[in-house]
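Worksheet: one structure, shown below.
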Amino acid sequence: GTWLDARVTSRDAENVTLETLEGQHSFTIPADQLLLANALPEDGVEDMTRLNYLHEPALLSNLRQRFARDHVYTYTGKICIA
C-alpha cells in the first residue's frame, strides 16, 4: 500500500476526507482504513515501544526520521534495529 502524511478535513460515520500536508490533493477513504500518526520529537524515539500507534507506516516514519539525523540505532524493546 501507499501511505501519505495527511490531515483530516472531515469525517462521517463511514468515511474520512483527507488533505495532503502540502494541500495539493484531497481524497476520501473508509474510516476503518485510517492509520493515525505519532507526534514524534525532532529526533524520533529511540525505543519504538514508546510509540502510541504501532503499525508499519509509524515504524518506518520513526526510522526515517532517526536515520536522517544520523541516529542509526533504534530499539524495539530489547531488539536493536541498525
Side-chain angles (χ1 to χ4, degrees):
T2 301
W3 304 296
L4 298 170
D5 287 330
R7 71 179 57 86
V8 175
T9 57
S10 67
R11 180 178 183 147
D12 62 32
E14 297 179 17
N15 295 307
V16 177
T17 302
L18 304 168
E19 180 180 84
T20 59
L21 294 183
E22 297 81 25
Q24 297 175 352
H25 301 286
S26 181
F27 48 96
T28 301
I29 63 167
D32 62 352
Q33 292 182 11
L34 180 66
L35 298 174
L36 299 177
N38 293 291
L40 295 173
E42 194 171 302
D43 289 338
V45 294
E46 183 177 10
D47 185 347
M48 291 198 285
T49 61
R50 294 179 46 217
L51 295 174
N52 290 326
Y53 307 109
L54 292 172
H55 46 69
E56 188 175 358
L59 300 177
L60 292 174
S61 176
N62 185 57
L63 288 172
R64 186 181 317 110
Q65 191 163 339
R66 289 186 55 73
F67 187 77
R69 297 219 175 264
D70 289 329
H71 299 298
V72 295
Y73 299 109
T74 301
Y75 294 87
T76 301
K78 292 183 180 182
I79 301 168
C80 180
I81 301 169

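Nothing fancy with the numbering, it's 1 onward along the sequence. When reading the values below, keep in mind they use all heavy atoms of this one structure, side chains included, and skip hydrogens, waters and symmetry mates.
Taking a 6.0 Å sphere around CZ of R7, one finds it holds more than 12 heavy atoms contributed by other residues, nucleotides or ligands. Counting heavy atoms of neighbouring residues, nucleotides and ligands inside a 6.0 Å radius, atom CG of D5 does not exceed 12 of them. Taking a 6.0 Å sphere around CD of E22, one finds it holds more than 12 heavy atoms contributed by other residues, nucleotides or ligands. Heavy atoms from other residues, nucleotides or ligands lying under 6.0 Å from CG of L21 number more than 12.
Grouped by direct or indirect side-chain proximity (heavy atoms under 4.5 Å, Ile/Leu/Val/Met/Phe/Trp/Tyr only), F27 sits with L4, V8, V16, L18, I29, L34, L36, Y53.
Side-chain N or O atoms of T20 include one that pairs as donor or acceptor with a backbone N or O of H25 at under 3.5 Å. Under a 3.5 Å cut-off, the side chain of Q65 and the backbone N or O of P41 do form a donor-acceptor pair.
Rounded to the nearest 0.5 angstrom, N62 CG and E46 CD are separated by 10.5 Å. To the nearest 0.5 Å, atoms OG1 (T74) and CD1 (I79) are separated by 13.0 Å.
Counting only heavy atoms from C-beta outward, the side chains of D12 and N15 approach each other to under 4.5 Å. Proximity of L60 to W3: side-chain heavy atoms (C-beta onward) are separated by under 4.5 Å at one or more points. For the pair R69/E42, a side-chain contact is recorded, criterion being any heavy-atom separation below 4.5 Å from C-beta on. Side-chain contact check for N38 versus S61: every heavy-atom pair is 4.5 Å or farther apart.
In terms of hydrophobic clustering, with Ile, Leu, Val, Met, Phe, Trp and Tyr side chains grouped at heavy-atom distances under 4.5 Å, L59 and F67 are assigned to different clusters. Y75 is not connected to V45 by any chain of hydrophobic side-chain contacts under 4.5 Å among Ile, Leu, Val, Met, Phe, Trp and Tyr, and they are in different clusters. In the hydrophobic clustering of ILVMFWY residues, with side-chain heavy atoms under 4.5 Å counting as a link, V72 and M48 come out apart.
Contact detail for L35 and P57: the closest heavy-atom pair is CD1-CG, 3.7 Å. In terms of heavy atoms, R66 sits closest to G44 at CG-CA, 4.0 Å.
Partners of S10 by side chain to side chain donor-acceptor pair (under 3.5 Å), not counting sequence neighbours, listed by chain and number: T17.
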